[in-house]
Engineer: 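I am attaching a structure below and will ask some questions about it afterwards.
No hydrogens, no waters, no symmetry mates; every other heavy atom, side chains included, goes into these values. Sequence lines set the chain letters: A, B, ... in the order given, protein chains first and strands last, and positions in each chain run from 1.
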Amino acid sequence: MSTQSVAVNTTANTPKQKAKRKNSALQTFFKNPRSLVGVILFGLFVVIAIFAPLIAPYNPSSTNFNMLQPPSASHIFGTTSLGQDVFSQFIWGTRATLIVGIGAGVLSTIIAVLIGVTAGYLGGVTDSILNAICNIFLVMPGLALLIIIESYVNNSTPYMNGLIIALTGWAWGARVMRSMAMTIASRDYIAAARLSGASTFRIILFEIVPNMTSVIASNVMYACLAAVLAESGLAYLGFENVASTSWGTMLYWSSQNGAMISGAWWWFVPPGLGIALLGTSFALMNFGIDQVTNPRLRTSRKKKDVQKLLKELQQSQTKGVSTDGGQ
Amino acid sequence: TTNASNSTSTSGNQSVTTSASQGSASTSSAVLTVAPNVTGSFADNFNPFSGTNSVDGTLGNIYETMFYFDNTTGKQFDLLGKSFAFSNGGKTLTVQLQNKAKWTDGVPFTANDVVFTFESLKKYPDADTNGIWQQLVSVKAQGKYTVVFNFKAPNIPFAEQYVLGGTYIVPQHQWSKLGDPAKAKITHANAIGTGPFKISYFSSQDYKFTANEQYYGGAPAVKTLNYPAFSSNSSADLALASGEIQYAGINIPDIQKTFVAADPKHNHYYFPPNNPVELYPNLRNPLLAQLSVREAISLAIDRNALSQKGETGYEQPAVPTSLVLPPQKAWLDPNLPAADKSFTVNDAKAVKLLEAAGFKKDKNGIFAKGGQELSFNLLTVSGWSDWDEDALLIKQQLQKVGINVNVQQDQYTAYYNSIDPGAGQTPHFDLAISWTNTGPTPYTTYYDMLDSNGSFNIEGYKNPSLDAVFNKFAATSSLSQQKQYMYQVERVAAEQLPVIPLLDGALWFEYNDAKFTGFSTQSNLWIDPSPYNYQSAAIVMDRLKPVN
Amino acid sequence: MADNKPVLEIEDLSVAYVTGSGLVHAVNDVNLKVYPNEIVGLIGESGSGKSTMAYTIMRLLKGDAVVTKGRVKILGQDVYQLSKKELRQFRWSKMAMVFQSAMSALNPVMTVETQILDALLSHRKDMTKEQARARARELMELVRIDPKHLKSYPHELSGGMRQRVVIAIAIALNPALVIMDEPTTALDVVVQRSILDEIRKIQQEVGFAILFVSHDFSLVAELASRVAIMYAGRIIEVTPSDLLHLQEKHHPYTEGLLKAIPELTAEDVTIQGIGGYPPDLQDLPSGCAFHPRCPYATDICRRVRPEKLAVGDKLIECHLFSEKELVSHV
Amino acid sequence: MSNATKTPATGTALLEVKDLVVHFPIGQGQFIRPVDRVSFSIGPGEVLSLVGESGSGKSTIGKALVRMIEPAGGSIIVGGRDVTHIRGREIKEYRKEAQMVFQDPFGSLNPTRSIEQHLAFPVRKYRANKGVSVSEQIDELLTKVGLTPVAETRRKFPHELSGGQRQRVAIARALAVNPKFIVADEPISMLDVSIRAGVLKLMNDLRNDLNLAFLYITHDLASARYIGNRIMVLYGGKVMETAPSAELIKAPTHPYTRLLLTATPGTRHRGPLPETSNSAPNLLEGRKGCPFANRCPLVTDVCRNEEPPLRELSSGHAVACHHPA
Amino acid sequence: MRYFLNRLGFLILSLWAAVTLNFILPRLMPGNPAQAMIAKQAGNINPSALKAIEQELGLSNGPLYQQYFQYLGNLLTGHWGSSFQYFPTSVVSIISNSLPWTIILLGVVTIIAVVVGTLVGILIAWRRGGTADNVIPIVTMFGQAIPSFWLGLICIYFFGFIHHWFPMAHGSGDDVTQGYNLPFITSAIYHSILPAFVVFVGSISGWIIGMRNNMMTTLGEDYVVFAEAKGVPTRRLIFSYAARNALLPQLTSIAIALSSIIGGQILIEQVFSYPGIGYGLTNAVSSEDYPLIQGMFLIIAVTALVINFIVDMLYGRLDPRVRRRGATS
Ligand SMILES: Nc1ncnc2c1ncn2[C@@H]1O[C@H](COP(=O)(O)OP(=O)(O)OP(=O)(O)O)[C@@H](O)[C@H]1O
Ligand SMILES: Nc1ncnc2c1ncn2[C@@H]1O[C@H](COP(=O)(O)OP(=O)(O)OP(=O)(O)O)[C@@H](O)[C@H]1O
Ligand SMILES: [Mg+2]
Ligand SMILES: [Mg+2]
Ligand code: NI
């Protein structure tokens, strides 16, 4: 006997599953209260950065106000010793810090992906060389390297600093990307793609990289956090053009002018807290992405909750559940 | 201002720290903690020929010059020298030396030590950073306590500043074996001097001196000097505000609130003006070479804003002559026109001047002539935050009159290379904030800044008639004549604006007189009070008296 | 099935996974008994709930799995009534389990010996280390590995050797029941065969019951005396293994499986698959779960879930046999 | 439906492999040789089943045939053209003729790309000149492998398909270039029993309809026999025995073939497993003797020292053993 | 052995790279350091003095390769030149003064953070979903995101300046004499508490979360379930089966953390005026003391690479699989 239609009907019971699965990654991400808080926090800073010109009441570098005023209705974060409005500086600083942080984070991730994936996919001598370079960058303490480079680069703007941070901070990501790419490269679909004539470039870009999105996203988050901290550290040490307005330079000026000792907490608390909150938002989102990537990390519900959920579900969908033998 | 009962109020605060760090209260009362400036960490270098590279106290506390000429008061203090006299038309200098001085290893100090020191500089030119042997012909001892110097040409300011007041005498019996003095390894273990203090303890974050009991001027009352290191202004500020330091030269913000208020009875400060801070226009730039442009810039700068905001009120606006007033009041030409005596902001006049010179505002709102905008880079040093702030303020002020300024902060080396790239090289900058050299008379400042051969003529000013005035000044020791020459220079400075004075740079000086009194204070300013002026600080600390 | 007491009794067991999108009914109304010294095969396709059942018996369910109904008794003791401490002692000394993949069941950073000793010493407080070592050597010999490999790390052994080590650990405490969850799927045919021979030999020597989980029909048919066939979390048929061929009447699913395997030595080979594919355990079909794929499905199959019926020596859950008399669980 | 009776296509072989050698460096200048002087040929529309235990070199042969690996020795002649050492563009050209289907249905499709995307690239690259739109050709391919309705399937992603469906997509992708010959590397070993049959049948149909040749790699003798015209048994990188399927099962001559048969479950007539060790064969370059020697129940000294040549016993039945049964 | 040689090869290669980079960087720099140095001693510059100082600073004008070999020779013989800032003090002596401070403070904190973080990570992963698991990662995450120097400043202000509980700066008190004496050691410990705390706050999160994630993955492994079924006591289950394996992927991070000890906490040292390498480095950079910068860079690079090498070796000890397989990184 032959063809009892082997054609498998693919329509059966799939549309629902499809919808279910497609959103599940995003759902898991947003269902997690931590990543949600992270996203909201981050969104807030993004809004501030985008609408900085509308939100900031004054020109951030204008020095026309009274010096070292504590917070008041007209200067809700007070003023600096140069008579600048701290709130306006904070708002504009959000923009600079965010651009530098995200820019450096994204750039270093791009470098990490390029180097890591190339090394992981091509293997052999290319891998050995790239991996050695990567290892050297990896074991070098980042800030020390940055500072040493700064000593040869004069007068750097926050953006220049972002660039330097990105150029020195990609190694950890590259390492992760490399091992990920190695795993993916050993998958059969890569071999299949090669068999169907795809070029190396095409394989890296269309076959490997899309499968690393979560790792890449996670790396971006981590790199952004590191970049924001590095930038503020550099600025604090004075390795940044102090005419620019970023949270880092705000901290630099407040510390140079003894904001703390003269009790001007309104000057140094906002930028520090801003960095901490922005950093936390990156960390929280990263945490969420980790849970999407690795289902094992999802914290399971407590026993109590499971029982409760079970009851609810059973009540709401009695018809689908097997009942006792009798019927 | 000292009062025994009041010292308990501070020690209430301090007892927590001291008891926790197990310090014994009895010894700490005889200790004077000094923070001449914010130094990150110390290297064990007590070589007086290392200049600023040796740790504070090397010069003054241990090694001494023959005399000290105080810039602030104009006074002369005798150290290893008792007296000096010029003869032979200013070409010969005879010095009588101390006959009671002893090196700290017990060997007596003699004229041979002085001769040896100068001969060493001749033998090892790299140690002669002041270029003494470019002026000097010979040094001879006459007996045990007399030395005679012969110069190529009369240059009395030079002789006073560098030979008598700028060369630290080292013991021949030790240094004759050391070779090149600039490379000699002098550490806390082998530093032998004649000064009032001896080094007693050294680590990279803290070092101490004890009183030299055999000091020819009598043993100092302060038995221990303590020099801790601070990484940054803010950490030094905190230490000063919390009473850990008694004698400091730190720019601490909001000093009334942060320092004085902590202990109003004993915490005092005085920031006397010391050296003018200038805005140097590069006169090789054809735009800046025009007097009207310089004048417009000068008119638009609000020096009061710089003083209040940039310098938090610690430094006063400068005067057009670049004289530091009141200290150099004696040198001020009494007949100077009022306009040359002080600056006033006048944006309207600045605009008018520029328009008269043929400048027109272009579409960017910047004055321009022949397609050339009045747009300049303003160079400052990155990390010198008050200058950086001043630069930001100047940028805003000049913007208002249609002059564009880009603030450019460079690391110190790059900055210095731009303004003074070395012999034969042209400086490359448009505008730069920078300092002036100072000396016992305005001559030093003016000569270095305005003479064609001046060592700090970075703006490139050339005026043969002024050069001639400087030559005449150097050759005379008559005060009234000297003054006449200076009056001429003052006018040129104020009216030609070869450099644009901004502020009178201050000396930083804070002190706590709960334990010791006798500082040079605002009411009794007997010497440069700052702790970072090596010789004057040593003299101050030598003469301090304990409260009880 | 003699009158001796069963080692394992599963009564009305249902297990579900609680997930964000609903319940996954992995095991449904399962009844099964295993008697001493018996080998029972449990067959089913991937995802049919075999492993879930194995873990449920061992009380090793993790995370969001819940026993919604029923009981598991080992030697008459309800496993789910034991306290945590009692369970730790009970498990392994009375029931043990061999995992699917031996590589992942052995700790990669510990020597084989340590891992065997851990099992022994955790239960036998009276045992000295020396005695335990001797026993480990004995066990290695029993599963035919040179005892010198006691000092080896798992990665230094071949797949077959590792699986033998896992079996050795499982029988270390002479349990009454050993559950084997696809113990040989990852191995080569020859190695697989030799291990199965080994298992049978040891089982005869030592004497314990085996619940042998697999998806390989022919394998289970050879090894086990009875075979339970699982579909969508239900045991839809229990049959003596010698009746497992197309000449016998079977549940349509069993029949489909038998037709899907090419026969090695038969003259004319014809094979045929089962259309459709396994059901979504979150949204089980109404009535008989197999009806969407069943060539004989009628209206009643869509509406009513069939009861278990005795068909000769077999128990079958299918409306095709509903004229047969209803029997109690075996 | 039966295939065992089908006679292999005669005439010129589509693919001719002679003394194929593959080696891999394992460091310190040493090499292993998982494929050692293997020769065989496949005619158009013929299926050759390759069986052997894990690590015997089956996949390596397959990969060498599609030139994912460059052989170290021997020759591969396809359609009269020597492809043993081609490189670059020539390889890409060659891939129009030879394709591969992999074992793991989960690993052989890219989870981030839709079924359509999987097929579009090879179709565009190799079939564009046919005057038919890419999309129509994709539909045609999907219909060919039985993934209907096509419109629905095209848009899906791999995780929305069952294992069997995925293997069908993998086959469709291989078909996209219109190959003459497909290496199927254990295409059903990871599938459920109930689904395997469908995939096997599909391969059978393709062979019949398109006159496609297959190298079918498996470790399961039953399916090897079911689909293969001939079976070749591999051990330690060497051919142990090769024969028409039915003959090999009925009259195995090599001790290893017999061991395999005995071990295969489901055989009603099997005896006890002979006592053998489980030690893996030595794959190192420069080994001596028969690779099966250390496990062979019939081993003699000559086996350890001399490599048995592949001898023809009867037409199409060859064995490499000093003591064939 | 192969593994060892492989790692050793990497060590030597990267050391060479670091050393060469160190040679190239200052030569790419514009400007004349000697000039800058003399600039600080305001006064007339004597051309012959300039020349002599240039020579002392090793800025000769010979061909580059000659300079390179001379440089290598000097490195090996411990002639790392003299600092500009503290001329003529040698770079080596400055570094050897600050090295112990950094190693002791940061070494100890790093080790404490690794140990505590790892333990906490293990425990919250074991009790996953519990209160601790929900709270600790979030709190420490915030700690990690706070700029360390900012936290340091605030700590100094509150605990030092306002409350006088802890000293505000330095590695030890100025009333003790450095050396192996009790007052000094207690004073040093007392001074290190605040900086240690700040470093701890900044780094603990990574260890907790890293270990937690690894643990969660490992806890799902069959061998852990198998061991649990075997009846292995809980403690042994957690530590010998789960944590031991979960720790392996952490080793890379530990290696990196340990290699950054020397140059890793520059900001903290700066804020606390702590006399270590990081502090020295910032000073050197802000005073453009190139010989010192080079020396510091070299010591940071060398220690980082050497420590990394040691940890790699340790990795081979801990994971029996690595010994065979060769390098995995
Ligand atoms: N942790 C879980 N959460 C939700 N569903 C689960 C979980 N574990 C298993 N399942 C589902 O439960 C069903 C039964 O799984 P189980 O592992 O018992 O199958 P199995 O018969 O052992 O399959 P296999 O032959 O592949 O091992 C499957 O549909 C599976 O998807
Ligand atoms: N790229 C490679 N580098 C080194 N050795 C390899 C490589 N690929 C395969 N091998 C080795 O070659 C031998 C044959 O491998 P191959 O994959 O061909 O076996 P197989 O018969 O397909 O096994 P399986 O049934 O497990 O798929 C094995 O020992 C394998 O470890
Ligand atoms: Mg299973
Ligand atoms: Mg294979
Ligand atoms: Ni202190």
Engineer: Could you tell me whether a side-chain N or O of D:Arg67 sits under 3.5 Å from a main-chain N or O of D:Val83, the two making a donor and an acceptor?
Structural biologist: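 It does hold such a pair.
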Engineer: What's the spacing between D:Asp205 CG and D:Leu200 CG if we round to 0.5 Å?
Structural biologist: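 Answer for the CG-CG pair, D:Asp205 versus D:Leu200, is 11.0 Å.
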Engineer: More than 12 heavy atoms of other residues, nucleotides or ligands under 6.0 Å from OH of A:Tyr222: yes or no?
Structural biologist: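 Not more than 12 within 6.0 Å, no.
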Engineer: With respect to chain A, which residue among D:Pro111, D:Ala170, D:Ala174, D:Ala98 yields the maximal number of heavy-atom pairs within a distance under 4.5 Å?
Structural biologist: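 Answer, by heavy-atom pair count under 4.5 Å with chain A: D:Pro111.
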Engineer: Using a strict cut-off of less than 4.0 Å between a Lys/Arg side-chain nitrogen and an Asp/Glu carboxylate oxygen, indicate whether D:Lys63 and D:Asp185 qualify as a salt bridge.
Structural biologist: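 No, this pair does not count.
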Engineer: For chain D, which residues from residues 196-207 of chain A lie under 4.5 Å away (heavy-atom distances)?
Structural biologist: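 Result: A:Ser196, A:Gly197, A:Ala198, A:Ser199, A:Arg202, A:Phe206, A:Glu207.
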Engineer: Let me confirm one number: the CD-CD1 distance from D:Gln167 to D:Ile188, rounded to the nearest 0.5 Å.
Structural biologist: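 Interatomic distance, D:Gln167 CD to D:Ile188 CD1, rounded to 0.5 Å: 9.5 Å.
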Engineer: Could you give the distance from CZ (A:Phe42) to CG (A:Leu284), rounded to the nearest 0.5 Å?
Structural biologist: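 CG of A:Leu284 is found 12.5 Å from CZ of A:Phe42.
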